[in-house]
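Residue numbers count from 1 along this sequence. Model, not experiment: these values are computed from the prediction.
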Amino acid sequence: MKWHLTFLLVLLFATPGLAREVSFSWEPMEGAIGYEIQVSKTDDFKTPFLTQKLQTPSFSSPMEPGKYFYRVRVIDQAQHPGKWSNAAPVTIASPAPELITPASGFETSYYERVPEIAFTWKSVDITASYEIVIIDSAGTEIVRTTADKSDYKGSLPGGEYQWQVRSLGKSPIPGREGSVEEVPSEYSKPWHFKIIKNNLDKPTLIAPLNGAKLFNRSPINFSWNQDPHTHFADVNIEELDVDKPENLKFDKIADKEVKKSIEKPGHYRWSVTSKEEATTPGVTSETREFNILEDPLFAGNYELELNTSYSNDVYLTNSSLQIQTPQQVGQQSSSYGMHYGLSLGYYIFRGFGFFVSAREAPLLTENLNTAQKELDGQMRFRYGANGFFQEFWFGYRQMDIIEAENTPVSQAVDLNTTGPLFGTRISVELSSRLKIQGTGFYYKPLTFSSPQIATLGPTNADVMGGSLGLKWNFSGRFWAGYRFAIERVNAQMGMPLTPPYVNSTWGLFRTEPIFLSISYER
């Protein structure tokens, strides 16, 4: 005789445990006056935990979640039991958890900081664990994890999701003391929620302006406006127009401005990335370009220059010999040759420094060799901004206005002078690599020395000159320069004789059509 066994779960809960009312039923058998049912954790029924005699082919009993087996046999009119049916497995699942938050239809939004969502549900058993599953709108499983408590926290990016939970009930395993097996419940009904990703506005740059000319060693004020939902910013600075650029980054700035110095002169581009958090990717502004120039006003600047030039000197002499009848004697001569010079300056305070320079020029004249020598000591002052600078200096010069060399003593002319020196230089930076410079100076000899000093009468002289040129930055801090220079000397002296005397005026007009220099400027 073949038994057809069925069972029905009736959702009745016992408190405080998880026992559920379970109904068993089977087909009635002809001639049966009763039935006997056994329920066991094992299919050999050696230790059934429930045995019950019944008059009808059905039975109900509260049972804890777990895996079971049951069998039934007939009792005939003579009260004799029949054979047991084959064992049928039964799994009693835990009830599905009741979801609490986030409620179905819940929505939240964020900018960059991905929100942490708290998932909670009602506990069905303090000893149970739970499995939570989160699926996105495309059906992709995003999260599948277990939790020992009735809550879970997770961070999710923007999108539409559904979530559900099931409990993982525990049932003892017969014959294995202390061991249990999980008996999962059904999943709860899925609840839907949405996370919206908002976009941040790009920061807008304020300063420095596009094309600004700034100076190294002086703090540069980088400022910008940013989205009110951002709280940190990175300033990104990229060097341009070089083979090996230097890229600077000032990060995690909790403000909308920062002051930083850039040491290396050059052409740069900057932008700002504003962020909601210091570690989030952020949104980046447009870029602006600026130039870093050498700051001539900074203490510690120095300048070393080597120069050479070709000069053409024209001497004009006019003497009057007075005995009884005045006689005028006029003479003009010229010379030419190369000048060689050295200049070294150091600024010990901002905009204030000392310079020394020396020049020597062996010249060839029409009938003799001459030379001019200069040695200067100067104090200089600088001021200016935005690529325009002006220097003023005053100092002391020792100068051989003219000195004949390799000539007989009777023809020797040697006039050495010393006195104050005044000058100015204007520098206009056309770009980070090119500047134009103009200079002017005045030298007033106050003392004279000469082999003829014993016979000289009253003597005075003026020396003045100027130049105009360009300097080009060809490598790092090295500059190559060209300029056109002129210089003029006016002198007058008296020479008493017995019985007559001589009054002499003479001048020197020098032009330097070629003046080349190499300088290292810091």
Side-chain angles (χ1 to χ4, degrees), residues 6-24 39 41 49-50 59-70 89-110 113-174 176 178-197:
T6 62
F7 73 94
L8 173 67
L9 293 182
V10 181
L11 300 181
L12 299 176
F13 297 90
T15 306
L18 293 176
R20 309 180 68 183
E21 190 73 16
V22 182
S23 295
F24 299 86
V39 181
K41 293 290 286 185
F49 74 90
L50 187 150
F59 173 71
S60 295
S61 176
M63 298 179 64
E64 297 288 336
K67 295 180 179 179
Y68 301 89
F69 296 90
Y70 80 100
V90 177
T91 298
I92 311 301
S94 301
E98 182 180 344
L99 305 184
I100 300 176
T101 59
S104 190
F106 169 80
E107 287 189 9
T108 188
S109 63
Y110 72 101
R113 183 176 52 203
V114 178
E116 186 178 62
I117 307 297
F119 299 86
T120 61
W121 54 90
K122 288 185 178 179
S123 175
V124 296
D125 183 359
I126 60 174
T127 65
S129 60
Y130 303 89
E131 182 180 60
I132 179 172
V133 177
I134 303 174
I135 299 173
D136 66 13
S137 58
T140 303
E141 188 176 283
I142 304 301
V143 174
R144 179 182 291 273
T145 187
T146 58
D148 293 330
K149 298 181 180 180
S150 57
D151 62 70
Y152 166 77
K153 290 183 179 180
S155 297
L156 297 169
E160 296 185 17
Y161 303 91
Q162 69 176 36
W163 72 290
Q164 53 190 157
V165 177
R166 68 175 179 175
S167 64
L168 303 176
K170 296 178 174 61
S171 176
I173 301 176
R176 296 171 60 183
S179 298
V180 295
E181 59 183 348
E182 290 185 347
V183 183
S185 73
E186 298 174 350
Y187 280 104
S188 62
K189 182 181 178 180
W191 280 7
H192 295 80
F193 64 97
K194 182 186 294 186
I195 300 175
I196 301 171
K197 171 70 168 66

Looking only at heavy atoms, what is the nearest atom pair of [X] and [Y], with distance?
X      : Y      : value
Thr140 : Asp136 : N-OD1, 2.8 Å
Val114 : Pro157 : CG1-N, 3.8 Å
Gln164 : Leu99  : CA-CD1, 4.5 Å
Thr91  : Lys67  : OG1-CG, 3.9 Å

Compare all side-chain heavy atoms of [X] with those of [Y] and state whether any distance is below 4.5 angstrom.
X      : Y      : value
Phe119 : Ile134 : yes
Val39  : Met63  : yes
Ile132 : Trp121 : yes
Trp163 : Val143 : no

**Residues that Thr101 engages under side-chain hydrogen bond (donor to acceptor under 3.5 Å, both in side chains), provided they are two or more places apart** =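 In terms of side-chain hydrogen bond (donor to acceptor under 3.5 Å, both in side chains), with neighbours along the sequence ignored, Thr101 is linked to Thr120.
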**Request:** Test Leu50 against Tyr70 for side-chain contact (heavy atoms from CB on, under 4.5 Å), laying out the working first.
**Result:** CA-CA 9 Å; Leu50 187 150; Tyr70 80 100; over 6 Å; no
Between [atom1] of [X] and [atom2] of [Y], what distance do you get to the nearest 0.5 Å?
X      : Y      : atom1 : atom2 : value
Phe69  : Lys41  : CZ    : NZ    : 9.5 Å
Tyr161 : Leu156 : OH    : CG    : 5.0 Å
Lys122 : Ile100 : NZ    : CD1   : 6.5 Å
Lys153 : Ile117 : NZ    : CD1   : 11.0 Å

**Message:** Would Lys197 and Tyr110 count as a side-chain contact (heavy atoms from CB on, under 4.5 Å) here? Give the steps.
**Reply:** CA-CA 5 Å; Lys197 171 70 168 66; Tyr110 72 101; 3.3 Å; yes
**Prompt:** For Pro184, which residues count as a side-chain contact (heavy atoms from CB on, under 4.5 Å) partner, sequence neighbours excluded?
**Reply:** Arg166, Leu168
Using residues 188-196 as the side-chain source, report each donor-acceptor pair under 3.5 Å to any protein atom, sequence neighbours left out, with the distance given to one decimal.
residue	atom	partner	partner atom	Å
Ser188	OG	Val165	N	3.0
Ser188	OG	Val165	O	3.3
His192	NE2	Gln162	OE1	3.2

**Prompt:** In this structure, are over 12 heavy atoms from other groups packed under 6.0 Å from Glu107 atom CD?
**Reply:**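 More than 12 heavy atoms, drawn from other residues, nucleotides or ligands, come within 6.0 Å of this atom.
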**Asked** With no hydrogens and no angle check, do the side chains of Ser185 and Ser167 hold a donor and an acceptor under 3.5 Å apart?
**Response**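 A donor-acceptor contact under 3.5 Å links the two side chains.
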